[in-house]
Protein chains: 2
Amino acid sequence: MYSQAEENYLKTIYNLENRYGSDVSTNLIASKTNTKASSVTDMLKKLSAKNLVQYRKYQGVHLTELGRKGALKVIRKHRLWESFLVQKLNFKWDEVHDIAEQLEHVKSEVLIDKLDAFLKFPKLDPHGDPIPDAHGRTILNKTVVISEMKIGSAGVFVGVRDSSSEFLQYLNKKNLALGDRIKVIDIEPFDGSYHIETRTHRLVITNSVADNLCLKNVK
Amino acid sequence: MYSQAEENYLKTIYNLENRYGSDVSTNLIASKTNTKASSVTDMLKKLSAKNLVQYRKYQGVHLTELGRKGALKVIRKHRLWESFLVQKLNFKWDEVHDIAEQLEHVKSEVLIDKLDAFLKFPKLDPHGDPIPDAHGRTILNKTVVISEMKIGSAGVFVGVRDSSSEFLQYLNKKNLALGDRIKVIDIEPFDGSYHIETRTHRLVITNSVADNLCLKNVK
DNA sequence: TAAATAATTTAGATATAACTAAAAAAATAT
DNA sequence: ATATTTTTTTAGTTATATCTAAATTATTTA
């Protein structure tokens, strides 16, 4: 089995590969994990020795098949625990991330499969992210982030890229919730901010917020 | 907050104080935690510096009020998670100990209080141990272990002192379950073994087994 | 293309929580 | 009361995962 630190790196590298393409840089990992680049280098060597990543000095890393499987197991656990916390314990979607970060490291295959069954095999977590099944498979969940949309296009808000409580509380404050229909009204060329509209209100969001809102059925 | 290692020591010292009286010895802690006496000494110094235990060289330790509170929190978490695993996820009573040992270290007061509510504030865990409430209070649970009973006396089997899967699987094999009425038929003076009887069968148990079965309403 | 800048790695240090082996203190036996 | 045994502590070591500072490699700019 892998240590907590190793599991966290696997998960982080998996997510960064998906977002920025493979061959993830040392600095990118360091910034996402709030550590220093030198610490990341140390860990990459260790993961490489265990055949979890392909690592070449100064060239970044990507997960091996073994590493991908390990990452998917951690992500499965994280998302199932988040689902449990919201569905069964009545937590809000902005309260579960940090607790799930701890629960995801509990070691027991049976536990997570029983939890999955208890929750009736959910396909998506409270933030709209697909939950890998026991074989690591997820449903297709093709979404477009607002920052990739054109003026006049619209879609249904179905997921976030950042599920930190800070970001989710910002969305709560702005009255944006999963399921809302969102339309791009205008894009400000000067600062890249987006004017968007829901059924109930209009607002302006920065590019970095637009980067983190995932929409479905965009037309 | 306390580290996992610190929490484990608090829990162990609490349990040993209850079983063998206060001022727990270094060696006793070492044997219960599968560590070496020298490691225990190191940790006792650390706990002492944090005011969690009263420690005098060569004289053993006991918990301070702060330490007792910490221990009760860990025990509360352990027992609530065990209850969750059995009641909600359909684990058997002999399968939950090791998983709960991990879950008990998840840090979140809200989580454990919500879990408590979800389980409808259980008073006893699957092994018959009382669950401390949010204030550290437990119900009175006066029991007698078989090794303290006289020939001819009987009672209801309501708890175990050892909740390791090994011991519980032994009980399963011998068809002994919580709720059974058990009567002491004879005590063998030679080896201290007990001849006991339930409604359905008779059997012989060693003194060390008799030491771990807790009975209620013993007459 | 050489210089400047940025990214990455190496070297050496720190904290935690374990360990072994040896020394010291306490308990037991003669 | 002294010797022996047992228990406990000290001293020094190890592994994990982090850090800072310095060195090295890669990238960008002039």
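Owing to the predicted nature of the structure, the values given are computational and were not obtained by experimental measurement.
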Do the rings of A:W93 and A:H127 sit parallel, tilted or perpendicular, given the 30° and 60° boundaries? tilted
Can you tell me if the side-chain N/O atoms of A:Y55 get under 4.0 Å from OP1 or OP2 in C:dT9? yes
Integer-rounded Å distance: C:dT16 C1' and A:Q4 CD: 14 Å
Is it true that the side chains of A:H105 and A:E7 contain a donor and an acceptor less than 3.5 Å apart? yes
Answer with base, sugar-phosphate or nothing: what part of the nucleic acid does B:T26 contact at a heavy-atom distance below 4.0 Å? sugar-phosphate
In terms of side-chain heavy atoms of A:N27, which of C:dT10, C:dA7, C:dT9 is nearest? C:dA7
Need one value for A:A37: base, sugar-phosphate or nothing, where a base atom within 4.0 Å counts as base even if backbone is also close, heavy atoms only. base
Spacing between A:K45 atom NZ and C:dT8 atom P, to the nearest angstrom: 14 Å
Tell me whether the OP1 or OP2 atom of C:dA18 has a side-chain N or O from B:S39 closer than 4.0 Å. no
Distance in angstrom units between A:R56 CZ and C:dT9 C1', rounded: 15 Å
OP1 or OP2 of C:dT10 versus the side-chain N and O atoms of A:K57: is any pair under 4.0 Å? yes
State, without any angle test, whether B:S193 and B:D191 hold a side-chain donor-acceptor pair at a distance under 3.5 Å. yes
Taken to the nearest whole Å, CD/A:Q59 to C1'/C:dT9 is 13 Å
5'-most contact on DNA chain D: A:E6 or A:S38, nearest heavy atom basis? A:E6
CE (B:M43) and OH (B:Y55) are apart, to the nearest 0.5 Å, by 13.0 Å
Nucleotide interval of DNA chain D bounded by contacts with chain B (heavy-atom cut-off, under 4.0 Å): D:dT7 to D:dT10
Sub-6.0 Å ring centroid separation between A:F84 and B:F84: yes
Quickly work out the A:L44 CG to C:dA7 P distance and round it to whole Å. 16 Å
Using a heavy-atom cut-off of under 4.0 Å over every strand shown, decide if B:T35 touches base, sugar-phosphate, or nothing. sugar-phosphate
Taking all atoms of both residues into account, what is the closest heavy-atom pair of B:P126 and B:E82, and its distance? CG-O, 3.5 Å
With sequence neighbours left out, what residues match B:S38 under side-chain hydrogen bond (donor to acceptor under 3.5 Å, both in side chains)? none
